[in-house]
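Data block below; observations after.
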Amino acid sequence: MNVIELIKKKRDRSSLTKEEIFFLIHNYTKGKIPDYQFSAFLMAAFLNGMNSEETTAITEAMLYSGKIIDLSNIDGIKVDKHSTGGVGDKTSLILAPIVAAAGVKVPMISGRGLGHSGGTLDKLESIFGFRTDLNLTQYRAAIKKNGAVLIGQTKSIAPADKLIYALRDVTATVESIPLITGSIMSKKLAEGIDGLVLDVKTGSGAFMREFKDAKKLADSLIRTAKSFDKKVIGIITDMNQPLGNYIGNWLEVVESVKALQGEDIKDLMKVTHILSGAMIYLGKKAGSIEEGVEISKQMISSGKAFDKFIDIVKTQNGDTSILLDLNKYPKSKYSEKITASKTGYLESVNNYEIGMAALELGAGRLTKEDKIDPKAGIIFHTKIGDKVKKGEVIAELFTDKRSKVDDVKKRISGSLVFSKNSVTKPRLIKKIIT
Ligand code: URA
C-alpha cells in the first residue's frame, strides 16, 4: 500500500478499507509515516468524513495499537466517563472521587488539552508531583487501593491516539465525528471498563456546536461502545459558556477542590452529579440515575469524596499540602480585570473564544512543543442571564505573558453579547440517551 494513494483516495471522497486504515494507523504509530503526510490524511478525513465501517476500523486500529487492560482480577464493576471536550470542564476531577467513594471502580485514562478545550491530564499535572504516567502494575494497584486512578495513555494504552491527538490539536482537525469517536473510544476500550458514561458537549465552546451534530457524535460513540459490549449512557450537556467559573489548569483544580469541599457551584455540580449518578447506576450501586445523583450528593456532603480525592492524589505522588492550603500555589505575574461597560444582562458568550483566550494566556498549546503554564487562565464571574451593572467585574485573567494581556482582554470582551432585556438561562442537561 502507498500512503500517497490512500491520502488521494480519501481526498477524492472514496471510502478506505479496514486494511487501508490499519496500514495508515500502524505505520504512523511506528514513525514510518511522517507528520506532514498524516496531517494531509487527517484533513482529508476531516473534510470528507468517514462512514460507520471506517469509523469502527479507525477505532479498532487505534485500540489495537496497544493493549486492552485486563482488570478482571479486581472486584467490582468498572465504569468511566469521558467528555467530548469543553471550556472549564473539570467534572472528571470531581466525579472520579465521588464515584469511587460510592463503591464503583473508576479506571480513567484521559487526554491533554485539545484545541481550545482543556485536558484532565494537564489539570492534574498542575498539582506538584502528580504522576499521570503510571505503569500497568501501578495502575492496577491504584484502582485496588483507592477505587479510582487517573492516568494518560502509555506506550501500551492506545499509543496511536496519543500521537494523533497531539497532531490534530495543531492541524485544525479536531471537530470530526469519526476522529473524535476513534480517539475517545480507543482510550476507553483499552482501560478494562464494563461501562461508560459519555458527556457529549454542545454549544459555542464544544467541538459540536449544533445539537444535531452533538447527537450524531453521541450516536457514533454509543454505537461503537455497544459493538464492544460495553454498557453506555450518553448525556448531551450545554457548553455555551464555561462550566463553573474557573478556566485554566491549576484554577480548575482549585474549583474542583472547592466543589469537593461542598461549595455549590450550581452549573458545575448539576452536570457533575448527573454524570456521576449515571456512573453509580451503571456500577449497580443505585437503581436509577436519579438515585445515583442522590448518592453522589451524599458523597460530597459526607466529605467522603474529598477524602478520596486526597487519597488518589497521594497515591499518584501529588503534593496534597497545596490542596489543603490552595493559597500556597505560586501566582501569575500579571492579573487584569474585565469590567462591564454598561448595565445589562449577559445574553451570549462565544465560549470558543474564551477557551482560546485561556490558551493564549498560557493554559494550552499552540504547537506540539509548547509548555503549559499551570497558573494561567481566567476566572469568569458572569453566567448567561445574569444582570451586571456598569463597572462590575465580569472576568479576571492571569498570565506570565505581559504581551498577551491587552489582546486577550479584547478577545474576551468581544466574545460577550449583552442585552437590555432579561435573558433565559440555557438548559444544562439537553438529552440523556440510555
Ligand atoms: N476527547 C478525546 O479524547 N478525543 C477527542 O478527539 C476529543 C475529545
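Read the numbers this way: they start at 1 and go in the same order the structure lists the ligands and their atoms.
- Side chains of Thr84 and Lys201: a donor-acceptor N/O pair is absent below 3.5 angstrom, by distance only.
- Inspection of the Ser348 and Asn350 side chains reveals no N or O donor paired with an N or O acceptor under 3.5 Å.
- Protein residues with a heavy atom closer than 4.0 Å to ligand 1 are His82, Ser83, Thr84, Leu114, Tyr165, Arg168, Ile180, Ser183, Ile184, Lys187, listed by chain and number.
- The backbone N or O of Gly205 lies less than 3.5 Å from a partner atom in the side chain of His116, making a donor-acceptor pair.
- For the residue pair Ser186 / Thr59, no side-chain donor-acceptor distance below 3.5 Å is found, with atom types taken as modelled.
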Donor-acceptor pairs under 3.5 angstrom involving side-chain atoms of residues 30-44: please list them, not counting sequence neighbours.
unit_1	atom_1	unit_2	atom_2	d
Asp35	OD1	Tyr28	OH	2.7
Asp35	OD2	Lys368	NZ	2.9
Ser39	OG	Asp35	O	2.6

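- No more than 12 heavy atoms of other residues, nucleotides or ligands shown are found within 6.0 angstrom of OH on Tyr281.
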